[in-house]
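Note sheet for the following structure.
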Amino acid sequence: MVEIELDGQKVEVAEGSMVMHAAEKAGTYIPHFCYHKKLSIAANCRMCLVEVEKAPKPMPACATPVTQGMIVRTKSDRAIAAQKSVMEFLLINHPLDCPICDQGGECQLQDLAVGYGGSSSRYEEEKRVVFHKEVGPLISMEEMSRCIHCTRCVRFGQEVAGAMELGMSHRGEHAEIETFLGQTIDSELSGNMIDICPVGALTSKPFRYHARTWELSRRKSVAAHDSSGANLIVQVKNNQVMRVVPLENEDVNECWIADRERFSYEALNGPDRLTRPMLKQGGEWKEVDWQTALEYVANGLRNIQRDHGAGSIGALVSPHSTVEELYLAGALMRGLGSDNIDHRLRHAEFAASEGVRTLGMPIAALSTLQRVLVVGSNLRKDHPLFALRVRHAVRHGAQLNVITAPAAFSHADAWAMPVAQAVLSEASGWAQALANVAAAIATEKGVAAPCAGTASAQAQAIAKSLLGGERKAVLLGNAAAHAANASSLLALANWIADQTGATVGYLTEAANTVGAQWVGAQPQTGGKHAGQMLAGGLKAAILLNTEPEFDSAAGAAAAPSLGQAEMVVTLSPFKANMAFSDVLLPIAPFTETSGSFVNAEGRLQSFHAVVKPLAETRPAWKVLRVLANLLEIPGVAFETSQDVLARATAHPMTASNATRAAITLTATVASPVSASIYQLDGIVRRAPSLQLTADARQEVTA
């Protein structure tokens with residue numbers, strides 16, 4: 001440790017730290033623009049100039065290493081004069097358009113200009129003009145004359161997102177931030193550039209000119225699309241979601257969110273929202289009141305139960321639904337005498353598990369791994385925030401090995417990070433690839449292999465990688481979980497992990513995949529699983545927050561199969577499944593209901609509604625509770641979602657990725673469904689800006 005004196009206060013910081021780090025530890029604010037705690041040091045803006053005793057001139061706090069006994073003054077006359085001089089230079093070319101700038105009210109330059117700027121400028125020449133750039137549907141670069149060349153956006157792309165999509169061309173007053181050769185910004189994390197831009201040069205294209213920042217209410221929420229459980233600030237005006245930005249949580253999402261969390265809110269205000277209950281009568285849809293719709297459903301379920309037995313009724317539920325909704329859906333089914341409920345809509349295998357499948361480690365630990373083997377995943381696109389952490393580990397020396405489909409690894413830079421070894425095969429070959437790695441490990445250690453395998457050169461390289469290092473993990477992706485031999489993949493992963501000292505984990509597909517397992521949203525006593533229900537045979541089907549044509553392995557075949565049922569009830573925020581449903585019940589999306597999600601690591605996070613339900617939309621947990629009451633099912637008379645949560649989580653979660661499944665290498669294995677990352681749930685499918693991106697036009701293994 002090194003001790004310095006900062007504004008008369010003794011501060012101890014690690015050797016190699018900068019003066020800025022010491023100031024942060026001491027709680028002293030030094031004005032800055034280019035410095036960001038998650039990015040490398042550039043020392044571009046010079047706004048953080050401070051006085052260092054015995055230094056011939058003011059020094060940048062962000063790029064001046066501490067030395068023992070150093071004396072620093074951040075608020076001396078000399079330091080303040082230097083900072084004011086820098087501010088004068090920054091404002092020479094900055095346009096005077098604060099009244100119409102989207103950044104106005106939350107602009108770092110605007111804030112610091114109050115304290116360090118002059119009341120007038122000595123510069124009388126014309127300000128420079130930088131022409132706008134078209135970089136895609138999410139980020140606006142219309143006012144690049146505002147740019148102060150801090151290069152935060154450039155460094156974010158290069159260091160965090162892994163793709164240097166922006167750069168600085170030319171020099172001096174001709175310098176510009178731009179993409180090159182007219183390319184667009186296509187990173188799945190690109191929206192974070194908007195957040196870290198300290199001025200209004202990069203702004204949100206969907207939000208542009210929709211509201212002023214001081215008009216917005218800010219409310220906490222949790223991401224509803226992938227299993228990271230990213231913490232959000234949802235900004236609201238006139239009972240409408242206007243913008244979504246990250247809420248910093250170092251243990252979960254740091255200070256970043258993926259684009260699908262940031263921009264999917266457009267669907268919540270879109271024309272496809274279902275606002276009143278609807279019944280199909282004589283082939284035509286008619287709006288009805290809630291009492292009529294719920295009594296129709298209750299009578300229909302009662303009649304089908306009487307005529308065909310409870311086993312003819314089933315529920316297909318989305319793992320994007322909340323813990324409370326999934327618990328009540330299960331309580332409703334089992335109250336009717338049916339165990340036909342499942343959230344595993346994209347799975348091809350439905351083996352019983354010995355515990356709840358989780359990541360097997362804290363999310364934050366991904367950043368410190370030294371060896372990683374990822375199986376059956378398009379990590380960068382499926383799990384952008386997990387990929388971000390693995391990328392950080394790789395930048396600090398970790399070795400990443402991959403076994404996945406060619407579509408998920410189309411070229412060397414597809415994952416935007418160096419990959420030591422990549423075995424590319426369709427799903428049918430993943431078990432053999434893992435068996436080969438196991439054989440190579442067995443040879444290295446002189447033990448018996450778990451099954452037949454060939455220690456190829458690639459397998460040997462992966463084996464040696466996993467046998468080295470200390471912190472290591474075998475991570476199974478969405479496609480590995482969905483594969484028809486998922487149990488064999490898990491068994492092989494467990495054997496490899498046992499021999500190498502690694503952990504085994506599932507990256508998990510959706511916002512509440514772990515929660516769905518915890519509350520039993522799958523058959524417990526031999527009921528029909530999702531594959532059987534999607535193949536037909538149900539007389540009554542309840543679809544919670546899902547569109548089987550898009551959300552299931554059955555794809556388009558789901559429509560005719562479900563169309564054979566006597567009654568199909570869809571609970572959705574959108575006008576969905578209209579071709580084969582008989583009843584549509586409008587339920588609230590995550591922004592309009594209280595609820596809880598359990599992320600991949602098993603972290604339970606609850607949230608409140610950030611806006612009132614739209615029109616006659618109702619929270620799904622309330623709809624399911626009333627329906628259960630109409631059917632006289634006992635034990636579901638809950639008053640609040642917190643009451644439901646307390647009942648749903650009354651027993652502790654038993655997390656385990658263990659399996660006793662036999663390893664099978666020769667089974668015929670269908671490849672998992674392919675889809676764009678912006679087609680994987682109903683909200684992102686209906687977000688116009690996301691559907692205009694390059695990722696929306698590409699297919700990746702889901």
Side-chain angles (χ1 to χ4, degrees), residues 32-36 38-47 89-98 100-104 107-110 125-209 256 258-259 262-263 380 384 391 411 413-414 416 689-690 692-698:
H32 60 273
F33 293 112
C34 68
Y35 172 77
H36 190 283
K38 295 291 183 182
L39 303 177
S40 63
I41 292 167
N44 288 339
C45 72
R46 319 306 283 185
M47 190 65 209
F89 277 111
L90 289 174
L91 293 177
I92 282 175
N93 279 309
H94 197 78
L96 299 175
D97 60 356
C98 296
I100 60 103
C101 177
D102 265 354
Q103 196 89 347
C107 173
Q108 214 170 327
L109 182 64
Q110 196 177 49
E125 288 79 8
E126 290 183 1
K127 292 178 181 285
R128 79 170 193 154
V129 174
V130 180
F131 290 107
H132 74 273
K133 282 87 176 171
E134 177 54 51
V135 293
L138 305 180
I139 297 178
S140 172
M141 296 180 74
E142 290 287 328
E143 289 91 8
M144 289 307 293
S145 297
R146 300 170 182 162
C147 178
I148 60 171
H149 303 153
C150 69
T151 69
R152 280 185 177 185
C153 55
V154 177
R155 285 175 285 146
F156 171 82
Q158 189 174 20
E159 299 163 15
V160 180
M164 188 175 172
E165 296 179 295
L166 289 173
M168 184 182 288
S169 61
H170 313 302
R171 301 185 68 182
E173 70 169 3
H174 301 293
E176 295 184 25
I177 299 292
E178 60 180 331
T179 61
F180 294 95
L181 303 176
Q183 295 176 336
T184 54
I185 297 174
D186 298 323
S187 167
E188 62 288 342
L189 294 164
S190 65
N192 293 291
M193 294 179 183
I194 300 166
D195 291 337
I196 62 175
C197 180
V199 296
L202 302 181
T203 54
S204 168
K205 192 172 281 188
F207 174 70
R208 186 176 167 80
Y209 296 149
W256 318 116
D259 286 353
R262 184 184 301 273
F263 298 108
R380 176 184 172 188
R391 188 176 297 117
H411 53 85
D413 297 325
S689 296
L690 290 178
L692 295 174
T693 61
D695 277 329
R697 299 190 295 270
Q698 295 175 356

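Computed over heavy atoms, backbone and side chain alike; hydrogens, waters and symmetry mates excluded.
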Heavy-atom donor-acceptor pair, [X] side chain to [Y] backbone, under 3.5 Å:
X: Q158; Y: M164; result: no
X: Q108; Y: H32; result: yes
X: R391; Y: A416; result: yes
X: R155; Y: S40; result: yes
X: S145; Y: V129; result: no
X: Q103; Y: L109; result: no
X: R128; Y: E173; result: yes
X: R146; Y: P95; result: no
X: E165; Y: S187; result: yes
X: E134; Y: G136; result: yes

Determine whether more than 12 heavy atoms belonging to other residues, nucleotides or ligands lie under 6.0 Å from atom [atom1] of [X].
X: Y209; atom1: OH; value: yes
X: E125; atom1: CD; value: yes
X: R208; atom1: CZ; value: yes

- [ ] Check the pair H132 / E143 against side-chain contact (heavy atoms from CB on, under 4.5 Å), numbers first and verdict last.
- [x] CA-CA 6 Å; H132 74 273; E143 289 91 8; over 6 Å; no
For residues [X] and [Y], report the shortest heavy-atom separation together with the two atoms involved.
X: E188; Y: D695; result: CB-OD2, 4.2 Å
X: D195; Y: R262; result: OD2-NH2, 2.7 Å
X: V154; Y: L166; result: CG1-O, 3.4 Å
X: A258; Y: L189; result: CA-CD2, 4.0 Å

What distance do [X] atom [atom1] and [Y] atom [atom2] have between them, rounded to the nearest 0.5 Å?
X: L138; Y: S190; atom1: CG; atom2: OG; answer: 5.0 Å
X: D102; Y: K205; atom1: CG; atom2: NZ; answer: 13.0 Å
X: L202; Y: M144; atom1: CG; atom2: CE; answer: 5.5 Å
X: C197; Y: M141; atom1: SG; atom2: CE; answer: 9.0 Å
X: C150; Y: I196; atom1: SG; atom2: CD1; answer: 7.5 Å
X: C147; Y: R152; atom1: SG; atom2: CZ; answer: 12.0 Å

TODO: Could you check whether the rings of W256 and H36 sit parallel, tilted or perpendicular, using 30° and 60° as the cut-offs?
DONE: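 W256 and H36: parallel rings.
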Open item on the list: Assess, by modelled atom type and distance only, whether the side chains of N44 and T151 contain a donor and an acceptor separated by less than 3.5 Å.
Closed with: yes
Task: Exercise: do T184 and D186 side chains pair donor with acceptor under 3.5 Å - done: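 Checked: T184/D186 side chains pair up, N/O donor to acceptor below 3.5 Å.
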TODO: Start with the C-alpha gap between T693 and F263, add the side-chain angles, then the distance that decides, and say whether side-chain contact (heavy atoms from CB on, under 4.5 Å) holds.
DONE: CA-CA 11 Å; T693 61; F263 298 108; over 6 Å; no
Task: The single option from E176, E178, E142 passing side-chain hydrogen bond (donor to acceptor under 3.5 Å, both in side chains) against K133 - done: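 When side-chain hydrogen bond (donor to acceptor under 3.5 Å, both in side chains) is applied between K133 and each of E176, E178, E142, only E176 qualifies.
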